[in-house]
Amino acid sequence: MNGMRTIKEVIEPEYVIEGAGVLLRRSIAPRISNLYDPFLLFDHFAFNDPVEGPIRGFPMHPHRGIETVTYMLEGSVHHRDSLGNAGLIGPGDVQWMTSGRGILHEEMPRRGPQGNIYGFQLWVNLPAVLKMTQPRYQEVKETEIPVTGENGVKVRVVAGQVGGIQGPVTEIAANPLYLDVTLSPGSTFTQPIPPGHTVLAYVFEGQGLFGDQTVSAVRMAVFNDGDHLQVSAGSSLVRFMLIAGQPFLEPIVPYGPFVMNTREEIQQALADLRAGVFVQP
Ligand code: FE2
């Protein structure tokens, strides 16, 4: 379908408690309806209020059948997994983790110098043929993420292509676009996106005209089909994560940190965990 993408739905994030008591803003969560295929979940962590008390994080937990994408703006997340991988995702860094058949990992947020923790976690589905693939990490440091744009537009390209600039995260089944876009007042950003791809914009600062509607922080906009997205900033700036990808059009069965295609595959994941064969070296 040709034309500019218009808004289909605007989602107001809900506050939820996850992990060992972490307060998050959640826009979408895995559901059997799979409305945002290939995207499953989008969480925004912002522990900026000292009254929230100690940071509890996400102790060891499994994943199977999905990719988790952590993008930090302030503070950091220390992670380690059952395969011996460990590291720190700092401000401006991204970790694109393909769980494949299974990992067990721990994710522990840490405050930045201003006392803040601010970042996002996106879950991207894997197609049936890749759900039991080997786990894989793509970890990209702040300085390795290209920045492009002109006339008041600034785009950090995590995955996908903007005006010939290719993001460092590659070979992802959903063929995603994942961008951190800032528009100065009065500027306009236009991005071609293949028709049929799902497009989401998570607006976390200011407000702007997204296609045919104004969207203000903090909200997620979901778009109708079309071949390009146009966003304009009026008198204030606007900053958003632009998320787009190719739907797999497969049935899904989500169960906590697993997203598979059938109920039997979920039972298998639980049986593998109990039998201690969930993680294969
Ligand atoms: Fe996780």
Side-chain angles (χ1 to χ4, degrees), residues 13-31 36 38-47 55-73 75-91 93-111 117-126 130-140 158-159 169 172-174 176 178 202 241 243 245 252-260 265-266 268-270 272-274 276 278-281:
E14 279 176 23
Y15 282 99
V16 296
I17 307 277
E18 268 296 350
V22 181
L23 185 67
L24 300 163
R25 280 173 165 163
R26 176 163 294 167
S27 305
I28 62 171
R31 297 209 199 295
Y36 311 103
F39 304 109
L40 299 164
L41 171 142
F42 192 84
D43 279 347
H44 173 182
F45 18 92
F47 310 75
I55 297 160
R56 299 178 185 92
F58 305 88
M60 275 298 171
H61 58 277
H63 287 291
R64 176 177 282 183
I66 62 167
E67 308 194 84
T68 69
V69 183
T70 308
Y71 181 67
M72 296 304 294
L73 293 173
S76 57
V77 173
H78 187 265
H79 73 93
R80 65 190 179 92
D81 77 8
S82 49
L83 296 165
N85 300 296
L88 196 67
I89 309 164
D93 298 348
V94 69
Q95 180 197 66
W96 200 294
M97 190 275 287
T98 306
S99 76
R101 75 173 318 282
I103 62 133
L104 283 157
H105 76 166
E106 173 188 273
E107 298 161 288
M108 303 308 267
R110 294 178 179 174
R111 291 183 193 277
I117 298 176
Y118 201 98
F120 308 109
Q121 189 167 87
L122 169 70
W123 289 10
V124 187
N125 200 13
L126 285 168
L130 291 176
K131 282 198 180 287
M132 294 299 277
T133 192
Q134 283 305 309
R136 175 189 182 205
Y137 286 87
Q138 295 191 62
E139 289 191 318
V140 184
V158 176
V169 176
I172 301 296
Y178 196 38
Y202 189 75
M241 299 305 293
I243 307 158
I252 62 166
V253 180
Y255 185 87
F258 314 131
V259 180
M260 303 302 288
E265 288 166 346
I266 294 293
Q268 188 62 53
L270 294 168
D272 287 353
L273 263 183
R274 278 194 301 267
F278 186 80
V279 175
Q280 299 285 324

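Order of listing sets the numbers, starting from 1, for every ligand and every atom in it. Scope of the values below: all heavy atoms of this structure, side chains included, with no hydrogens, waters or symmetry mates.
Phe278 pairs by the ring-ring contact (aromatic ring centres under 6.0 Å, His included) definition with Phe258, not counting sequence neighbours.
A side-chain donor-acceptor contact under 3.5 Å links His61 and Glu107.
Considering Glu67, Arg136, His63 as possible partners of Thr98, the one that fulfils the side-chain hydrogen bond (donor to acceptor under 3.5 Å, both in side chains) test is Glu67.
Protein N/O/S atoms closer to the Fe ion (ligand 1) than 2.8 Å number 4 in this structure.
In this pair, Phe120 and Tyr71 present their aromatic rings parallel. The plane angle is below 30°, not in the 30 to 60° band.
Here the shortest heavy-atom pairing between Pro257 and Ile66 reads O-CD1, 4.1 Å.
The environment of Arg101 atom CZ is dense: over 12 non-hydrogen atoms of other residues, nucleotides or ligands sit within 6.0 angstrom.
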